Amino acid sequence: PATSSVRARRALATSSALARSASSAWIGDRYAPRELFTAALARSSQRHAALSLAHAHCSAHMKAQAELVLGRLCHVAGARRPRPSLFVYPGLTAKPWHNASSAPFASWLPALEAATPAIRDEYLAVRAENLPSDYDVDEGDHASGLHRGGDWHWASFIARGERREPMWERCPQTAAALAGVPGLMEGMPFAFAFFSTLQPGARIAAHTSPCNLRVRVHLPLVVPPADGDGAARCAMRVADETRPWEAGRALIFDDAFEHEVFNDTAAERAVLLFDVWHPELEAAEIGALQNMFEEVERRRAAREAEGAA
């Protein structure tokens, strides 16, 4: 990963142009203006001595690096460019697919993949209970009619950054596997972890994530058999490359790039899906982001309370 100063200098080249197309106004009820992030970073830096050197020697670079550019970005045609729909954190490396054998994933992915049989058993037990899906078609990254065709079932361990304790208790092996993932994303509204079941005929149309703060992981649990003709009928496209799932072999991708999912087979597909923080984000930056979203939620609750009064 790039050092703070290197990423800060790289951010200088992009943040000004992005800022011209960004708005510091509130977006809906969840997202904060730039000045709120700056305040959150300041609070975090007081608690994190690791940032002191960067502030002392390259404060201008750190300011550019830490600036959260909010607002709807100018969309650029083509699937090869990352296009988060709400905001971008400058200076983070972007690529559609990540290599499972590269750092930092190689340190923990083998253990996760080795746990696939135990995780699959817990998934099948949950499916046998016929629990209702906790997927809300009108909320989150996949609103506005992106999901079509067959059912898409969610059984969530983390939803909008908050743990769903009943699932952690119901599936202890899966919970242990998730707890063993360094950088598992929590504490902000774009963090998810769930059993994702895509029924026959289901499609999730091309879209991008709201931010570039995360990297998404699929651990395939149940995969429809491939047809003899070699055509991809159950797969995922990220940018301009389509990859099928293979049971027990994790796929890691940046969903800030345009991506779509389809299951055109007669069998269901199931994966354990979860988010990890972008590997170039440092602990102090993650803490500042979490603090920011805590403040956002506090302000939202206060506005709702005022409206109800």
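These figures come from a predicted structure and were not determined experimentally.
Separating the CG atom in Asp275 from the CZ atom in Phe192 is a distance of 7.5 Å, to the nearest 0.5 Å. Between the CD1 atom in Ile286 and the CE atom in Met188 there is a gap of 10.0 Å [rounded to 0.5 Å]. Between Arg83 atom CZ and Thr208 atom OG1 the span is 6.0 Å, to the nearest 0.5 Å.
With sequence neighbours excluded, the residues that form a side-chain hydrogen bond (donor to acceptor under 3.5 Å, both in side chains) with Asn263 are Thr265. Annotation: ring pair (Phe, Tyr, Trp, His ring centres under 6.0 Å) contacts of His278 (sequence neighbours excluded): none. Residues passing the ring pair (Phe, Tyr, Trp, His ring centres under 6.0 Å) test with Phe274, sequence neighbours excluded: none. Glu162 is linked by a salt bridge (charged side-chain N to carboxylate O under 4.0 Å, His left out) to nothing, counting only residues two or more places apart in sequence or in another chain. Residues meeting the ring pair (Phe, Tyr, Trp, His ring centres under 6.0 Å) test with Phe105, sequence neighbours left out: His98.
Defined by atom type and a distance below 3.5 Å, a donor-acceptor pair is missing between the side-chain atoms of Ser196 and Tyr135. Gln199 and Glu268 share a side-chain donor-acceptor pair at under 3.5 Å.
Counting non-hydrogen atoms of neighbouring residues, nucleotides and ligands closer than 6.0 angstrom, the CZ atom of Arg249 reaches no more than 12 such neighbours.
Side chains of Val217 and Leu273 form no contact here, defined as non-hydrogen atoms less than 4.5 Å apart. Between Val126 and Cys171 the shortest side-chain heavy-atom distance falls below 4.5 Å. Between Thr174 and Met167 there is no side-chain heavy-atom pair separated by less than 4.5 Å. For the pair Asp151/Leu198, no side-chain contact is recorded, criterion being any heavy-atom separation below 4.5 Å from C-beta on.
The aromatic rings of Phe293 and Phe190 sit perpendicular to each other, their planes meeting at more than 60°, with 30° as the lower class boundary. Ring geometry, Phe194 versus Trp154: the interplanar angle falls under 30°, so the pair is classed parallel (tilted spans 30 to 60°).
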Determine whether Glu304 and Arg300 satisfy the following criterion, salt bridge (charged side-chain N to carboxylate O under 4.0 Å, His left out), listing intermediate values before the conclusion.
CA-CA 6 Å; Glu304 287 185 352; Arg300 183 195 63 78; 2.5 Å; yes
Chi angles and distances behind the side-chain contact (heavy atoms from CB on, under 4.5 Å) call for Leu112, Leu219:
CA-CA 8 Å; Leu112 177 75; Leu219 178 66; 4.0 Å; yes
Apply salt bridge (charged side-chain N to carboxylate O under 4.0 Å, His left out) to residues Arg127 and Glu129 and explain how you reach the verdict.
CA-CA 5 Å; Arg127 288 293 285 158; Glu129 294 182 44; over 6 Å; no
Before you tell me yes or no, could you show the steps for Leu109 and Ile252 under side-chain contact (heavy atoms from CB on, under 4.5 Å), namely the whole-Å CA-CA distance, both residues' side-chain angles and the distance that decides it to 0.1 Å?
CA-CA 10 Å; Leu109 262 182; Ile252 310 169; 3.2 Å; yes
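Proximity of a side-chain donor or acceptor of His207 to a complementary backbone N or O of Ala205 within less than 3.5 Å is detected. Checked by atom type and distance alone, the side chain of Glu246 never pairs as donor or acceptor with a backbone atom of Pro220 at under 3.5 Å. Between the side chain of Arg170 and the backbone N or O of Pro172, no donor-acceptor pair lies under 3.5 Å. Under the 3.5 Å distance criterion, the side-chain polar atoms of His259 are left unmatched by any main-chain donor or acceptor of Pro96.
For residues 181-194, the side chain to side chain donor-acceptor pair (under 3.5 Å) pairs, not counting sequence neighbours, are Arg163-Glu186.
Partner of Phe262 under the side-chain contact (heavy atoms from CB on, under 4.5 Å) criterion, chosen from Arg203, Arg269, Met236: Arg203.
In this structure, Arg214 fails the cation-pi test against Trp277, since its NZ or CZ atom is not both closer than 6.0 Å to the six-membered ring centre and inside 45 degrees of the ring normal.
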